[in-house]
Structure formats: C-alpha cells, structure tokens
2 protein chains.
Amino acid sequence: MKVSAQEEYGLRCLLQLAPLGEGEYLTLTQIAEREGISTANAGKLLWILNKAGLVSSIRGTKGGYRLARAADEIHLDEIIKVLDEDVLASHCNSYTGILDACVHTGNCGIRPVIVGLHDVVRRAMAGITLAQLLGTESNVETTLHQINSMSRETAHRRA
Amino acid sequence: MKVSAQEEYGLRCLLQLAPLGEGEYLTLTQIAEREGISTANAGKLLWILNKAGLVSSIRGTKGGYRLARAADEIHLDEIIKVLDEDVLASHCNSYTGILDACVHTGNCGIRPVIVGLHDVVRRAMAGITLAQLLGTESNVETTLHQINSMSRETAHRRA
DNA sequence: TCTAATCTTGACTAAAAAGTAAGGTATCCG
DNA sequence: CGGATACCTTACTTTTTAGTCAAGATTAGA
C-alpha cells in the first residue's frame, strides 16, 4: 500500500502555490527547481491539476500558476482523487469502476476490507485542507491525533 | 494510493488456508486454481508468506500449505507488512528507512500527512484478524463502521 | 509586428512491478 | 530403490508506471 510519486509531487506543487498572495504567480521553472524535479515533469503534474480545476494558469511572459480556489477550500481527498483516480485503488475496484463487478463475486473475503479501508482513508483525508498543511505549528497533527485516538478506542472496545 | 497486486493476492491466499482443520493442507495448484492466478505466481506469494512465518509447508506428495498460527492471531497489518515492506510507503519513507532522512528536510509540508495517514491505516488494520474476515455475517464491517463513525465525529468536532 | 517568456501536448526512454518458466530438492509409496 | 508428486529458488519476460524531450501554441511587452 503506497502513495504514488505523482500524488506526492502533485501535492507538493500545490503546497508551493498555497501561500501566494493575490495576483502572484509561480512559474514552472521555479516550482520544479524547489522540488528538485525536471520542469517537464512538473509541467505534466500542473497540467493535470489545471485540467481538474485546482490551479489556474496564465500563459506568456509574466505568466505562471496559482491556486484556483482558496487554500482552505481544497481538501486532501479531492487532490488525491485528481492525481490518481481514487483515494484507494485495488484490483478489486480499479479496473471495473467502483467495487462492483469482480472475479470473486460471492465469496470474496477481502471486499469488506478494501471498502472499509477506502472509507477510513477518505474520511481522514477529507478532514484536512491545504491551508492546514501550511502552519508551522501544524494543526494537522492534532487532527490526525484525534482520529488516531478514536480508532485506538475502537480497538480497545472490541477487545 | 493503492494496494498492490501482491498484497491483494497474498491476502486472498491466506484466506483460503484459514478455514482448514487440523492436519489439512492445500496444494499450490488448488490455491492457484481458486484464485485464477498461475501456480508460479501463487508459489512466489506463498514462499514470501512462508519465509515470514505466516504459513508453514510440507514438501513431497501429500504436501501443501497451512497457516503457521491460528487465524485469530494473525492481524492484517502484519500481513501487509510482510507482503510489501510497510503498510503505507511513499517517496518520503520508502527509500531511506522510516520517515527520517528526506530531500526536503526542514520545510517538507507533507511529512505530517504521510506520518498521520500511515498511523491511521496501521491502526485500522491492526484491529482486524484473518478470522474476522471469514464469517458470513462479517463482523469486519462493524469494526470498520465503528472506526468510520469515530472519524466522522472527529471531522464534525473540528468544524 | 516581432520577440522572448511561458504554458501545452504528444511521442519517446527509463525504471519498477508483476507475472512466467525452468531446474533443483524433499517426501511418499509401491 | 526408483518414480511420482509437490515445494523451493533463481533468472527471465512482459506490463505498467514514471520521467524526459522537443516541438507547438499563446500571451505580454517593446
């Protein structure tokens, strides 16, 4: 189970754009340089984000990229979905749409796990915005800590 | 973000072995046939599981595989870790061990997300055993439903 | 209008994951 | 003891994903 390179760098690019002020833009070269990836690669990622409406771009000299919406209105689950189809894919669902048709129809014991984990991950991500990832006294950690202590309670209750 | 084919099929193989009684074994051919994968591929997976001590095998005719421990003593997080290094990998941690050295030391905004999600996923998985995946009236769903409603609460509280 | 800066797009190359094949070794049974 | 069955191990092929390159298209400003 892993997050793809595309997801990771795509998210990083958005984080660069998040602190920009009104009318400010970052060029592809600037973004790529800061991330240590090629401009070609960064261009591809930003094109995906642009197409999905997460960033907007201006062409020509003095052009560049910026967020299409406020940083506190962009949630992690949407970002991941844009960069990689869905927040959690498997053979179970990736080929055939959304967890329906499957070779093991009927006796597939792992379906509930995939579905359940998918939901756990999606909820955790839906609770985090780009804006939250910026602060130095990261309130992300408190958010995730809350979720963690919740599942710890759950595990305890079952035992 | 996705679960690899190796994780998915490895887990499925274990689920086949779980309901076996004392002294019963399944052969590679049987396992592969039921999953619709080649015996070569199944052999590879079971070898990994064997090496990790999750299944035990007997060679020669009348041989085969069975679980090395009781099904209710094998947890999902251990299985995934065995099949794929860790429950959740990213460029952040996969190369360099465990979330320490990173190109973006200092100003890496996504580190807390990776760490947090890793923990959420691991806890969710640690709360589920192979045995739980067998029942027809799957109590996995209740377990996961509890975790889900927990994170829903959390999201609500923050808002 | 010309030019330089910048985004856009598709084809190409390289790396990683998944899957396959084949020879080796242990066990049973006649 | 010898053949048949089934696990063990390494090396290879295919497929998928990631990353690069280069030419085209668009805009701002002189």
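Numbered from 1 within each chain, the chains take letters A, B, ... in sequence-line order.
- The CG atom of A:Leu17 sits 11 Å away from the P atom of C:dC7 (whole-angstrom rounding).
- For the pair B:Leu46 CG and D:dC8 C1', the interatomic distance rounds to 12 Å; values are reported in whole Å.
- One can place CD of A:Gln6 at 17 Å from P of C:dA16, the figure rounded to the nearest angstrom.
- Closest of all the heavy-atom pairs between A:Leu20 and A:Tyr65 is CD1-O, 4.0 Å.
- When the side-chain nitrogen and oxygen atoms of B:Asn50 are compared with OP1 and OP2 of D:dC7, none of them lie within a distance under 4.0 Å.
- Protein atom CG of B:Leu45 is 8 Å distant from nucleotide atom P of C:dG19, rounded to whole Å.
- Side-chain contact check for A:Leu76 versus A:Thr129: every heavy-atom pair is 4.5 Å or farther apart.
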Base versus backbone protein contacts along nucleotides 20-30 of chain D [heavy-atom cut-off under 4.0 Å; B, S, -]: BB---SBBB--

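- A:Lys2 comes within 4.0 angstrom of the backbone, heavy atoms only, and of no base.
- Contact record, B:Ile58 with B:Tyr25: CD1-OH, 3.1 Å, taken as the closest heavy-atom pair.
- Taking the side chain as every heavy atom from C-beta outward, B:Glu24 and B:Arg66 never approach each other to under 4.5 Å.
- The minimum heavy-atom distance between B:Ala68 and B:Gly53, with the atom names listed, is CB-O, 3.3 Å.
- Contact detail for B:Ser57 and B:Asn50: the closest heavy-atom pair is OG-ND2, 3.1 Å.
- Spacing between atom CG of A:Leu26 and atom P of C:dT6 amounts to 12 Å, rounded to whole angstrom units.
- Comparing C:dC7, C:dT9, D:dA18 against the side chain of A:Trp47 picks out C:dT9 as the nearest.
- For A:Thr27, the listed nucleotide lying nearest its side chain is C:dC7; candidates were D:dC8, C:dG19, C:dC7.
- OP1 or OP2 of C:dT8 has at least one side-chain nitrogen or oxygen of A:Ser57 nearer than 4.0 Å.
- Between D:dT5 and B:Tyr25, no contact under 4.0 Å exists linking OP1 or OP2 to a side-chain N or O.
- With a 4.5 Å cut-off on side-chain heavy atoms, A:Ile48 and A:Gln6 count as touching.
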